[in-house]
Structures are given as C-alpha cells and as structure tokens.
Amino acid sequence: AGPAGAGKTALLRRVERLAAGAKAFCDPLPPVPPGLPEGPEVVMVQYAGTTIEAVDVGETEARAWPKFLPESHAIAFVLDGRVAAGPVAADADAALERALVELLGLLKGGLVPRSMPLLVLITKADDEPSCAYTAAEVEAALRRTLGSSAPYCSHVALVSALPDGTMDTSRAEALHASLSGAMDWLCNATV
C-alpha cells in the first residue's frame, strides 16, 4: 500500500530479484507493459525460506485495501522519498503527514491487529541529497501520526528500485543491504 507514484510495483519487482538471489541490482527493471489488468496484482516470492504473498494494491484501489487485511500477516507501506524533496522542508513534512494519514485510515476500523508487523519502505533513496526523509524522521512521524494506533512492531528502511549502475557504488551497496535487512525483518516479524 502507499500513495500514487511511490514506486510500489517497481519495488516489488526488485524484491522478486532479491529473492531470486541477486547480489546486486545490475540491470534495469523491465518496463511496465501498458494495459495491465485493473485491480491488485498478487505475486508469490520465496525469500529466505519464507513464502511471501505480496498483493500490490494500487493507489486507485485504496478503497479495496481493507478487503485484503483479514488475510494479511503484515503490511508494507511505501513512501516516495522524493515526493517533496526540494527547497521547502514544510512541503516534505506535509507530504509525509498526508501519506501517514492515509496509512492511519488503513489501520483504523479494527481489521488490523496492533501486533501486525508494519514495514515502511522509503523509495527513491538512491540520490541521498534528493531524498526528503531519513528513516529516523519517518519513525518519529509514524509515532506522532499514529499515536496509540501504532502497530506493536514496525520497521522503516530506505530503499531503491533503480539498478546499481545509476548511483554511487557505496550508496547502492547500502540500499541493497537496507532492502535485504527489511525483508529479513519482515520474515522474522511474521514467524
């Protein structure tokens, strides 16, 4: 789940490659073909001995999110790290608060137990100066926005779906490790 344009589908493709044993993301993702069927896409991923059924519920399907919650064991919420990157920090803060209010709407209603793991992935973090948020800022905003509605366990990670060759090598390695760590956390949190 996550706001429009956050990179949910591209990140899911990157997770598939990571699960397939890719040590680095050397090649670009294939373009999303036009005319994909409407509605959520279900992808099965084997990662570290755990079968993950990922449901890519697009932003236009937000009203359908609650339909998937009763069967879910975790929520991955994707934020666009560049959505408000730029000279006005207040814009970045406002965009983050809007996204977290959207998440709060998803969590309310009694369909999500407080113990359900919540993974927040900040995408497009490949260009560190252009990324509007740090993991610590998102964690603080998550606590502030969700308050007593906050899930029992959550994890925030900076990630990128871009191929490694498009960024500094050390940044690519850090983001690869961050995505691997996030997936490890998710698998351990749902056991």
From [atom1] ([X]) to [atom2] ([Y]), nearest 0.5 Å:
X: S154; Y: R143; atom1: OG; atom2: CZ; value: 8.0 Å
X: I52; Y: H73; atom1: CD1; atom2: NE2; value: 11.5 Å
X: K8; Y: L79; atom1: NZ; atom2: CG; value: 10.0 Å
X: L158; Y: L179; atom1: CG; atom2: CG; value: 11.5 Å
X: L18; Y: R13; atom1: CG; atom2: CZ; value: 14.5 Å
X: D184; Y: Y47; atom1: CG; atom2: OH; value: 4.0 Å

### Task
Kindly indicate whether the side chain of W185, heavy atoms from C-beta on, has any atom under 4.5 Å from the side chain of L119.
yes
### Query
Does a side-chain heavy-atom distance below 4.5 Å link T123 with S160?
no
### Message
side chain to side chain contact (heavy atoms under 4.5 Å, CB included) for L11 and V78? Distances and angles first, verdict last.
### Response
CA-CA 9 Å; L11 187 58; V78 180; 4.3 Å; yes
### Message
Any side-chain to backbone donor/acceptor pair from S178 onto A174? Under 3.5 Å, distance only.
### Response
no
### Donor-acceptor pair, side chain of E173 and main chain of S170, under 3.5 angstrom
no
### Task
Specify the closest pair of heavy atoms between A189 and P117, including all atoms of both residues, with the distance to one decimal.
O-CG, 3.5 Å
### Query
Closest heavy-atom contact between A19 and Q46?
CB-O, 3.1 Å
### Task
Decide yes or no on side chain to side chain contact (heavy atoms under 4.5 Å, CB included) for M183 and V15, but give the supporting numbers first.
CA-CA 8 Å; M183 293 304 299; V15 167; 3.7 Å; yes
### Task
Output, in order, the C-alpha distance, side-chain angles, deciding distance and verdict of side chain to side chain contact (heavy atoms under 4.5 Å, CB included) for L121 and F77.
CA-CA 6 Å; L121 299 168; F77 192 79; over 6 Å; no
